[in-house]
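This report concerns only the one structure given below.
To find a chain, count down the sequence lines: A is the first, B the second, and so on, and within it residues start at 1.
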Number of protein chains: 2
Amino acid sequence: MALTVLKSSRGDRTVTKPPGIDPKRTLTLRDVSEASGVSEMTVSRVLRNRGDVSPSTRERVLEAARVLGYVPNKIAGGLASQRVNLVGVIIPSLSNMVFPEVMTGISEVLENTGLQPVVGVTNYSPEREETVLYEMLSWRPSGIIIAGLEHTQPARAMMAQAGIPIVEIMDIDGQPMDSAVGISHYRAGRQMAEAIVASGYRKIAFLGTQMAGDFRARKRLQGMEEALRRAGLDLVDREFYSGGSALLKGREMTAAILARNPDVDFLYYSNDMIGAGGLLYCRDTGIDVPGKVGLAGFNGLELLDGLPVRLATMDACRMEVGRRAAQIIAGRNASPDLGPEVVELFPTLQPGDTIRQR
Amino acid sequence: MALTVLKSSRGDRTVTKPPGIDPKRTLTLRDVSEASGVSEMTVSRVLRNRGDVSPSTRERVLEAARVLGYVPNKIAGGLASQRVNLVGVIIPSLSNMVFPEVMTGISEVLENTGLQPVVGVTNYSPEREETVLYEMLSWRPSGIIIAGLEHTQPARAMMAQAGIPIVEIMDIDGQPMDSAVGISHYRAGRQMAEAIVASGYRKIAFLGTQMAGDFRARKRLQGMEEALRRAGLDLVDREFYSGGSALLKGREMTAAILARNPDVDFLYYSNDMIGAGGLLYCRDTGIDVPGKVGLAGFNGLELLDGLPVRLATMDACRMEVGRRAAQIIAGRNASPDLGPEVVELFPTLQPGDTIRQR
DNA sequence: CTGAAAGCGCTAACAG
DNA sequence: CTGTTAGCGCTTTCAG
């Protein structure tokens, strides 16, 4: 890229954009300095609100920057100050509904801290996660918020080396690297199973995602199986899917399960969306909910409020997870001597119309 | 919600690391250079696959980098090379379903170009958009993809100054700054209205979002009104909402409209989600769809496939919009002499079960 | 094929 | 309150 160096003609300091500046070149602090007749350092101070600057110089600088349309170069700033106000957020998906809500919580908290979230998406692939993490870390962010506790060995090594706060979110069934905020999905599955059994259901089937990388859904399933076992029960059937419209898949899987097992009396879905599909299927085919079958999902999606019958579900505390994670990063960023913090959140079981609360 | 904070007692995470290096400092090219006995410059070449390097040195460097766990510093790299492989993507919301799909299209194309998307969310606020844009530009990205054609004056100025390709997406009813990819929402509204009228409906009501910043929904409404006017018709009623569960709001608004106007025969929703809510309401209250009322939404969401009756809708070409926009940025990035490009996409009207296709 | 020198644009750390 | 001096960690450029 060809750059033109502008020799400063110390005589004229007009506020209007000096002619002769290569229009391809992007403005620098120096341009603002020359236009305002204030040293680069002071310009820098004004633009960052750092240190005391007299109101008059301040005004001049601001005016010059505004007129020129100067936008600071954070690449240079970051290199010089050795600090970058970025927080890497690494999540499996954006289409899952859950993660945008987590993002909302994160943004909300970060907004007033000078920190800025940057999202990376892994599509539930550990290798992709590794790549995304590497890319993120190469920007030297102030912290990382990453979904889940399961990561490849190189990913762990990178995070350990990075020397920044790491917050693993959504899950606490496992050993966090540093800090963590989440719920126990294992326990969530158990708790739902217990409530289902306590409500008198006995023939329970599971419907969920196929995704190998969705450890949390798997933990919920394990928790449920464990609880059923203790109650002397077993899952009657299970059905998995991947890809496609979740609502539609919910219908299809429900049809399949019900066709195979006409006597099933409860369907546990690994997420609310397929649960909603199942509910719609039941309504359409005249299967009484909850008279004939009870239904439960997971996540406590707002969407459920619009459904004709309320599924049982469990709130995964999504926004709160985001908030707490962001608070940890922001706190550690402000006081580097703070230690790791593990926060367990407790989801509330929403019985909907199918579960009898004890 | 009761939360417990567990202070982790293991503040002593041991990290094996080469002795003598300050553990707080992050690794530099120089560390790799020393560990491998190769000059920094050559190390840099190896790590970037630039220029010819003998296989043997190459091996040594790679090995050293791997063992140390070196992660390049893109801040420094970007400053030195005056190029940053980032593409800023500025969208109104992540919870809208539409934008994650656009992102998918963008990521897909960018994946093989060495460029990386960075998302910023404006919440449909022009001021917020301005801020987000400023932040983005301060990272000196290789391009900007931004939703909509309406921006504040300062935002326009910043983009004009930036000297990078700008692609405005989703909408082409207006004057693009540089490049643009999208559909005509005005025409989409008109087209839907024409189809509705052609199907014999006469008493049409509109249900949509309140959001002042949602220019595209407004354009669709205007297009619809225009088409109705030409057919000698007028909207019978309209209802707006903001916030809350879209599905639920769809139900409520539908109830309100139907209560006020028992003879309405068609409901046009500004998006599929509230349309789905309306559909569920009709089903629950025994209102025959499409016998009594016809329904149409907008977006062509996958979700609709799972509904008991198919609304009419219109595909906004979301993924394609993302792909094309990314292609333009990638192309301009590779060949800087390429000019602006405006791509109009044509949404297909999906008649669903309520519209008679001509 | 490899290396040395000279910055990229900004800010930390000191003087005044 | 304001200015000067050194870099930050990398890549460009130009010599070997």
Side-chain angles (χ1 to χ4, degrees), chain A residues 1-6 8 10 21-22 24-61 65 68 70-85 114 137-141 162-163, chain B residues 21-22 24-61 65 68 70-85 114 137-141 162-163:
Chain A
M1 189 184 299
L3 302 184
T4 330
V5 178
L6 182 68
S8 60
R10 276 286 167 196
I21 291 193
D22 176 355
K24 297 289 291 190
R25 188 173 69 75
T26 140
L27 265 22
T28 72
L29 213 46
R30 179 172 183 157
D31 297 313
V32 181
S33 166
E34 283 169 2
S36 64
V38 175
S39 78
E40 284 188 44
M41 194 56 234
T42 300
V43 171
S44 168
R45 286 196 184 96
V46 171
L47 264 21
R48 284 177 301 148
N49 283 315
R50 272 289 190 319
D52 293 327
V53 179
S54 80
S56 71
T57 358
R58 185 185 175 66
E59 254 334 295
R60 272 203 298 166
V61 170
L68 293 178
Y70 172 70
V71 177
N73 184 333
K74 290 209 184 189
I75 301 281
L79 183 59
S81 66
Q82 302 278 52
R83 82 175 76 259
V84 171
N85 67 341
L137 289 178
S138 74
W139 288 104
R140 299 294 186 266
Chain B
I21 292 190
D22 175 359
K24 298 288 292 191
R25 188 171 69 73
T26 138
L27 263 23
T28 72
L29 213 47
R30 179 173 186 152
D31 296 313
V32 182
S33 166
E34 283 169 2
S36 64
V38 176
S39 79
E40 285 187 44
M41 195 54 238
T42 301
V43 171
S44 170
R45 286 198 183 94
V46 171
L47 265 22
R48 284 176 304 146
N49 283 317
R50 272 289 192 311
D52 292 327
V53 178
S54 80
S56 70
T57 20
R58 186 186 174 64
E59 255 332 295
R60 273 203 295 165
V61 170
L68 292 179
Y70 172 70
V71 176
N73 184 333
K74 291 209 182 185
I75 301 282
L79 183 60
S81 66
Q82 303 280 55
R83 84 175 77 257
V84 171
N85 67 341
L137 289 178
S138 74
W139 289 104
R140 298 294 186 266

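- Atom CG in B:Asn73 sits roughly 9 Å away from atom P in D:dT11 (whole-Å rounding).
- More than 12 heavy atoms of other residues, nucleotides or ligands lie within 6.0 Å of CZ in A:Arg48, so this atom counts as buried by the packing criterion.
- One atom, CG of A:Asp31, and another, C1' of C:dG9, lie 11 Å apart when rounded to the nearest Å.
- Between B:Asn73 and B:Ile75, the shortest heavy-atom contact is OD1-N, 2.8 Å.
- Look at CZ on A:Arg140: it is 19 Å from P on C:dT11, rounded to the nearest Å.
- Between the side chain of B:Ser36 and the backbone N or O of B:Val32, at least one donor-acceptor pair lies under 3.5 Å.
- Between the CG atom of B:Leu79 and the P atom of D:dC10 there is a distance of 12 Å, given to the nearest Å.
- Residue whose closest nucleotide on DNA chain C sits further toward the 5' end, between B:Glu40 and A:Ala76: B:Glu40.
- Note on A:Gln82: a side-chain N or O is less than 4.0 Å away from OP1 or OP2 of D:dG9.
- Rounded to whole angstrom, the span from the CG atom of B:Leu27 across to the P atom of D:dC8 amounts to 16 Å.
- Listed pair B:Thr57 / C:dT2 meets the phosphate criterion, a side-chain N or O lying under 4.0 Å from OP1 or OP2.
- What separates NZ of B:Lys74 from C1' of D:dC10 is a distance of 13 Å, to the nearest Å.
- Contacts with DNA chain C (heavy atom under 4.0 Å) in residues 41-56 of chain A: A:Met41, A:Ser44, A:Arg45, A:Arg48, listed by number.
- Residue B:Ser81 has no polar side-chain atom (N or O) positioned under 4.0 Å from OP1 or OP2 of D:dT11.
- A:Ser33 places a side-chain N or O within donor-acceptor distance of the main-chain N or O of A:Val38, the cut-off being under 3.5 Å.
- Between the CG atom of B:Leu29 and the P atom of C:dT2 there is a distance of 15 Å, given to the nearest Å.
- Between A:Tyr70 and C:dC10, a side-chain N or O to OP1/OP2 separation shorter than 4.0 Å is present.
- For the pair B:Leu47/B:Tyr70, a side-chain contact is recorded, criterion being any heavy-atom separation below 4.5 Å from C-beta on.
- The CG atom of A:Asn85 sits 12 Å away from the P atom of C:dT11 (whole-angstrom rounding).
- Note that OG of A:Ser56 is 11.5 Å distant from CZ of A:Arg58, once rounded to the nearest 0.5 Å.
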Which atom pairs, donor and acceptor, lie under 3.5 Å between side-chain atoms of residues 76-84 of chain A and protein residues at least two apart or in another chain?
from    : atom 1 : to      : atom 2 : distance (Å)
A:Ser81 : OG     : A:Gly77 : O      : 2.9
A:Ser81 : OG     : A:Arg83 : N      : 3.4
A:Ser81 : OG     : A:Arg83 : O      : 3.3

